[in-house]
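The block underneath contains the structure these notes are about, expressed in structure tokens.
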Amino acid sequence: MELSQIYAPVNDDLKKVEQALLEVSRVDFPWLSELLKHSLGAGGKRIRPALTLMCGQFYNYRFENLLHMAVAIELMHTATLVHDDAIDKSDTRRGRATIYKLWGVDPAVLLGDYLFAKAGVESTLTNSLRAVRLFSGTLMIISSGELNQAKNSYNLHQTRQDYLNRIYGKTSSLFCLSTESGGILSQAPDRSVRLLRDYGYNLGMAFQIVDDILDFVGTEAELGKPAGSDLKQGTLTLPAMLLLERFPNDNPVFRLFNDHSRTENIPVAIEQIRNSSIVEECYKLAKEYCAAACQKIQNLPDKSVKTSLCELAEFVVKRRK
């Protein structure tokens, strides 16, 4: 199923989010405008703003407030990508040259800062102190998650729980913000807000696990960047962890992490993972998270959007990019 079909309950309003994102790039400083257009015009699935709008449909759908939060969340997400590319020195994302590649580290860092600041302004326009606190708290979680990932670069001594904690910080926490804020801004009861947050948590965990799988099994055309990018950056993801467990004595991940220059080990690791049951095991965990996500929303009001949210969970597991 296509995302446009899944987003059917909010498609018209999602177009207004896109228009609002375009408006962000209309500033008087031409160079800043160019940077904003490049970063915000890269497309993407817009899953996070769509989640905010869809989760706002269970109760009192207050579109203006939801619109501001949806825009704020997508701006925050874009800012994290711009910063990530600068930190990782990534040349491409979504098949396009990154801000870092085109203009360098300093403009990328400053643009990311600008996007974070603009996102914060948008969040205040929701007229909800609770939502603003949630937004700010999430930014702290994401920042600490990125610091955690940087600190553990090329660290072989990480547990699965370390991995799960890390992907919550860098990815799932933003999904939680998307779904929980939708509940808050639609005046949902606290129990329903918690259920929506739990849905977002599980969906976000599944999303990142699938991302980590695709880094090994996807093509550069599908990913918009070279396969094995995580290994190249020294990031130990679930597939690589399972490969280390499978071959503890002679392992390409071990050789790469102990000598970063030995990049010939990256295609070896990719091949070994593709030709094993590791991919299937990782997908099994992602599917468990998606099933948990769908279970969490079963006690919410019977609205058509509930079906859309479960279809989105299925899409997350089946996607190729």
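Owing to the predicted nature of the structure, the values given are computational and were not obtained by experimental measurement. Computed from heavy atoms alone, side chains included, the values below leave out hydrogens, waters and symmetry copies.
Annotation: ring pair (Phe, Tyr, Trp, His ring centres under 6.0 Å) contacts of F175 (sequence neighbours excluded): F207. Legend: residues meeting side chain to side chain donor-acceptor pair (under 3.5 Å) with Y283, ordered by chain and number and at least two apart, are absent. Taking the salt bridge (Lys or Arg N to Asp or Glu O under 4.0 Å) definition, one finds that R62 meets it with nothing, sequence neighbours left out. R133 pairs by the salt bridge (Lys or Arg N to Asp or Glu O under 4.0 Å) definition with nothing, not counting sequence neighbours. Under the ring pair (Phe, Tyr, Trp, His ring centres under 6.0 Å) criterion, F257 pairs with Y154, not counting sequence neighbours. Looking at residues two or more places apart in sequence or on another chain, you find no side chain to side chain donor-acceptor pair (under 3.5 Å) involving E34. Residues passing the side chain to side chain donor-acceptor pair (under 3.5 Å) test with D113, sequence neighbours excluded: H83. Taking the side-chain contact (heavy atoms from CB on, under 4.5 Å) definition, one finds that T92 meets it with K225, P226, sequence neighbours left out. When the side chain to side chain donor-acceptor pair (under 3.5 Å) test is applied to Y201, no partner is found at least two apart in sequence or on another chain.
A donor-acceptor pair under 3.5 Å is formed between the side chain of K306 and the backbone N or O of L300. Between the side chain of D215 and the backbone N or O of D230 there is at least one donor-acceptor pair closer than 3.5 Å. Using a distance-only test at 3.5 Å, with no hydrogens or angles considered, no donor-acceptor pair links the side chain of Q187 to the main chain of I184. Judged by distance alone, the side chain of D259 and the main-chain N or O of R255 form no donor-acceptor pair under 3.5 Å. The main-chain N or O of P9 is found under 3.5 Å from a side-chain atom of Q57 such that the two form a donor-acceptor pair. When atom types are taken as modelled, the side chain of Q149 and the backbone of G145 share no donor-acceptor pair closer than 3.5 angstrom. Not a single donor-acceptor pair under 3.5 Å links the side chain of T235 to the backbone N or O of L231. Counting only distance, with no hydrogens or angles, the side chain of N65 and the backbone of S128 share no donor-acceptor pair below 3.5 Å.
Looking at D162 and N152, their side chains never come closer than 4.5 Å, going by heavy atoms from C-beta outward.
Considering all non-hydrogen atoms of both residues, I6 and M54 come closest at O-SD, 4.1 Å. Nearest heavy atom pair, residue L67 against residue L53, reads N-CD2, 4.5 Å. Of all heavy-atom pairs spanning G41 and R96, the tightest one is C-NH1, 3.9 Å.
Each ring pair (Phe, Tyr, Trp, His ring centres under 6.0 Å) pair with one or both residues in residues 294-321, not counting sequence neighbours, would appear here, but there are none. Listed by first and then second residue, the ring pair (Phe, Tyr, Trp, His ring centres under 6.0 Å) pairs involving residues 33-58 are H38-W103 (not counting sequence neighbours).
Evaluated for a salt bridge (Lys or Arg N to Asp or Glu O under 4.0 Å) with E74, the options R48, R46, K45 yield exactly one hit, R46. Of the residues I273, L244, I266, L243, the one that meets the side chain to side chain contact (heavy atoms under 4.5 Å, CB included) test with P252 is L243.
In this model, no donor atom of one side chain and acceptor atom of the other lie less than 3.5 Å apart for Y7 and S308. At a cut-off of 3.5 Å, with distance as the only test, no side-chain donor of R166 or N148 sits close to an acceptor on the other residue.
Around CD of E280, the count of heavy atoms belonging to other residues, nucleotides or ligands within 6.0 Å does not exceed 12.
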- Task: Show your reasoning for whether side-chain contact (heavy atoms from CB on, under 4.5 Å) applies to Q208 and D211.
- Result: CA-CA 5 Å; Q208 187 57 53; D211 248 20; 3.7 Å; yes
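Through direct or indirect side-chain contacts shorter than 4.5 Å among Ile, Leu, Val, Met, Phe, Trp and Tyr, V105 is connected to Y100, V109.
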